[in-house]
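For reference, positions follow the sequence shown, starting with 1. Start at 1 and go down the list; that is how both ligands and their atoms are numbered.
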Amino acid sequence: MAKILVTGGCGYIGSHTIVDLINNGFEVVSIDNLSRSQASILDGVKKITGKEIQNFEVDLSNDGELKSIYKDLKDIDGIIHFAAYKAVGESVEHPLLYYKNNIGSLVNILEASKALNIPHFVFSSSCTIYGNVQKLPVDENAPMGMAESPYGMTKQMGEAIVNDFVKANADHQSILLRYFNPVGAHYSAEIGELPIGVPANLVPYITQTAMGIRQELTIFGDDYDTRDGSCIRDYVHVMDIANAHTKALQYMLDGKMQQNCDVFNLGTGNGVSVLEAVASFEKVNNLSLNYKIGPRRQGDVVAVYADNSKAIQQLGWQVQYDLDEMMRSAWEWQKKLSS
Ligand code: UFG
């Protein structure tokens with residue numbers, strides 16, 4: 001049974017990925033310093049899988065702290081590195097916090113992979129690296145755009161760092177996964193996203209508005225050049241994202257890599273407008289959402305959705321969940337959180 005180290009295992013995508021890994025027969029250990037997450041999420045993982053996950057409460061950006069647990073990280077076959085800060089606005093206000101945490105942690109975990117001879121590495125990247133794209137759907141060969149935030153820059157730099165690392169270390173391999181907009185929760189509602197403060201992202205803002213935690217949702221602009229004037233994104237179910245990580249690791253373990261570093265888009269391929277996302281939420285949950293149209297949000301790209309054919313063809317990935325299921329499960333999780 002292959003053993004995988006998941007960093008950020010108590011986080012949103014990390015916890016869902018642990019569930020998928022266990023369902024596919026992997027053994028998992030986690031490192032999470034709980035700075036933006038809660039250990040209780042692993043209770044949810046246990047309810048779903050029956051497995052107790054060991055979590056090392058270590059700050060990955062602290063070299064010494066990570067080295068102090070090297071002795072506990074024996075026989076690991078692969079690392080999935082989620083642990084990072086991800087709030088775009090916060091990164092603009094506190095750029096050094098983002099560079100120190102996201103880049104420092106990445107360098108330290110790569111050093112660990114070298115010191116401990118862990119050959120396989122999966123890195124969480126984002127479609128944000130494409131910036132304002134010229135051609136839709138966007139494929140992996142599209143050039144990187146200007147990073148519009150320090151957060152986005154940490155993803156661009158992260159990809160470059162991982163690339164350089166595997167180039168210089170021929171016995172290491174890596175897959176970079178570029179997420180579009182991960183939303184939803186495990187269908188059991190035992191795990192889901194735990195937003196901190198006022199959510200910046202659309203779906204948690206929708207569910208909190210429906211719950212009455214927020215008064216109303218503001219739709220940021222309805223005067224874009226799109227079919228209904230609102231921005232278009234590629235929302236993808238977090239369990240589909242999770243499963244792509246399992247498939248990426250299996251791909252490396254099976255010796256299928258054609259080069260030391262490869263990159264895959266993770267989106268459904270469907271562009272969905274903000275108004276369509278709201279309509280799906282209202283329909284599937286039989287609710288009416290309080291919302292208004294507001295001004296555009298600075299830094300928003302008009303439209304972005306994935307060409308996901310590479311992940312489908314090479315990794316054998318399949319998108320299993322549609323927008324309605326994303327919105328249904330997000331609401332079930334919100335109700336659980338608020339109960
Ligand atoms: N939106 C609203 N109202 C809200 C929140 C969002 O209308 O209250 C709209 C946004 O304008 C956008 C869409 O909903 O059109 C999605 O917004 P999110 O904030 O949920 O997601 P983004 O596409 O902005 O975020 C994604 C990734 C981030 C990445 C960012 C870069 O989730 O990791 O792109 O811009 F950093």
Side-chain angles (χ1 to χ4, degrees), residues 8 11-13 36 82 84-93 95 98 102 123-133 136 138 144-159 176-184 193 195-211 213-238 241 265-268 270-281 289-306 323 326-327 330:
Y12 176 42
I13 306 178
R36 303 278 164 111
F82 292 107
Y85 294 157
K86 60 167 188 178
V88 175
E90 183 188 47
S91 80
V92 174
E93 274 173 52
Y98 271 66
N102 292 9
F123 178 67
S124 291
S125 190
S126 164
C127 71
T128 192
I129 62 118
Y130 294 119
N132 252 315
V133 293
L136 286 168
V138 60
M144 286 197 185
M146 270 280 285
E148 32 166 279
S149 70
Y151 161 76
M153 186 60 97
T154 66
K155 292 300 176 193
Q156 293 192 349
M157 290 168 70
E159 288 200 5
L176 316 171
L177 296 177
R178 292 177 180 159
Y179 315 149
F180 282 65
N181 289 58
V183 299
E193 189 174 9
I196 301 163
V198 182
N201 293 117
L202 179 66
V203 174
Y205 209 103
I206 289 177
T207 61
Q208 289 196 7
T209 304
M211 189 49 74
I213 302 168
R214 310 283 155 212
Q215 221 180 354
E216 67 182 346
L217 168 79
T218 301
I219 293 183
F220 298 138
D222 71 344
D223 56 353
Y224 286 100
D225 184 17
T226 60
R227 52 185 175 265
D228 61 22
S230 63
C231 287
I232 292 192
R233 293 288 182 275
D234 188 337
Y235 300 96
V236 47
H237 198 291
V238 65
I241 294 272
N265 279 343
L266 298 182
T268 64
N270 301 320
V272 169
S273 76
V274 180
L275 287 163
E276 288 163 354
V278 169
S280 162
F281 179 83
L289 195 75
N290 198 17
Y291 71 87
K292 66 168 187 211
I293 307 295
R296 294 179 175 194
R297 180 171 71 176
Q298 212 198 333
D300 265 340
V301 300
V302 182
V304 61
Y305 49 95
L323 183 66
M326 298 178 213
M327 294 299 174

### Query
Which residue owns the protein heavy atom closest to atom 2 (C) of ligand 1, what's the atom, and how far is it?
F220 CD1, 3.3 Å
### Task
For atom 17 (O) of ligand 1, grab the closest protein heavy atom and report residue, atom and distance to one decimal in Å.
R297 NH2, 3.3 Å
### Query
Backbone, side chain, both or neither: what part of E148 comes under 4.0 angstrom of ligand 1, heavy atoms only?
side chain
### Message
Polar contacts were defined as any N/O atom of the residue lying under 3.5 Å from an N/O atom of the ligand; does this apply to R233 and ligand 1?
### Response
yes
### Query
Is the shortest heavy-atom distance from the side chain of F180 to the side chain of I241 under 4.5 Å?
no
### Query
Can you tell if the side chain of V198 reaches within under 4.5 Å of the side chain of Q208, non-hydrogen atoms only?
no
### Sub-4.5 Å side-chain heavy-atom contact between Y291 and Y205
no
Side chains of residues 218-225: which donor-acceptor pairs under 3.5 Å do they make with residues two or more places apart or in other chains?
from, atom 1, to, atom 2, distance (Å)
D223, OD1, R296, NE, 3.0

### Region of Y224 engaging ligand 1 - heavy atom pairs below 4.0 Å
neither
### Query
So is Y235 close enough to ligand 1, meaning a heavy atom under 4.0 angstrom away?
yes
#### Entry: For S125, the option from K155, E159, Q156 that meets side-chain hydrogen bond (donor to acceptor under 3.5 Å, both in side chains)
E159
### Message
My question is simple, although I want it checked carefully: is atom 34 (O) of ligand 1 less than 4.0 angstrom from any protein heavy atom?
### Response
no
### Task
Check step by step if side-chain contact (heavy atoms from CB on, under 4.5 Å) holds for L323 and Y235.
CA-CA 7 Å; L323 183 66; Y235 300 96; 4.3 Å; yes
### Message
Counting only heavy atoms closer than 4.0 Å, does ligand 1 sit against the backbone of N181, its side chain, both, or neither?
### Response
side chain
### Task
Could you tell me the residue and atom name of the protein heavy atom closest to atom 31 (C) of ligand 1, and the distance to it rounded to 0.1 Å?
T128 OG1, 3.1 Å
### Backbone of Q215 reached by a side-chain donor or acceptor of N290 within 3.5 Å
yes
### Task
Report yes if some heavy atom in the side chain of V92 is under 4.5 Å from a heavy atom in the side chain of P150; otherwise report no.
yes
### Task
Looking only at protein heavy atoms, identify the closest one to atom 9 (C) of ligand 1 and say how far it is in Å.
V274 CG2, 3.8 Å
### Query
For ligand 1, is any non-hydrogen atom under 4.0 Å from D300's backbone (N, CA, C, O), its side chain (CB onward), both, or neither?
side chain
### Query
Any heavy atom of A200 sitting closer than 4.0 Å to ligand 1?
yes
### Task
Using salt bridge (Lys or Arg N to Asp or Glu O under 4.0 Å) as the criterion, list what pairs up with D300, not counting sequence neighbours.
R233, R297
### Message
With heavy-atom distances below 4.0 Å as the criterion, list the atoms of ligand 1 near I219.
### Response
7 (O)
### Query
Is the shortest N/O to N/O distance between C231 and ligand 1 below 3.5 Å?
no
### Message
Can you report which non-hydrogen protein atom sits closest to atom 36 (F) of ligand 1, along with the distance?
### Response
Y151 CE2, 2.8 Å
### Task
Would you check whether V88 has a nitrogen or oxygen atom less than 3.5 angstrom from a nitrogen or oxygen atom of ligand 1?
no
### Message
Could you go through M327 and V203, starting from their C-alpha distance and side-chain angles, then the distance that decides it, and tell me whether this counts as side-chain contact (heavy atoms from CB on, under 4.5 Å)?
### Response
CA-CA 8 Å; M327 294 299 174; V203 174; 3.9 Å; yes
### Polar side chain donor-acceptor pair, Y98 to E90, under 3.5 angstrom
yes
### Query
With a 4.0 Å heavy-atom cut-off (strictly under), which part of N201 contacts ligand 1: side chain, backbone, both or neither?
both
### Query
Which is it for P182 and ligand 1 at heavy atoms under 4.0 Å: side chain, backbone, both or neither?
neither
### Query
For ligand 1, which part of T218 has a heavy atom less than 4.0 Å away: the side chain, the backbone, both, or neither?
backbone
### Query
Just to confirm, does any protein heavy atom lie below 4.0 Å from atom 27 (C) of ligand 1?
no
## Note on the structure
The protein heavy atom nearest to atom 20 (O) of ligand 1 is L202 N, 2.8 Å
### Task
Tell me, with the steps shown, if F281 and L217 meet side-chain contact (heavy atoms from CB on, under 4.5 Å).
CA-CA 13 Å; F281 179 83; L217 168 79; over 6 Å; no
### Summary
Tested for side chain to side chain contact (heavy atoms under 4.5 Å, CB included) against S230, the lone hit among V274, V278, I293, V302 is V274
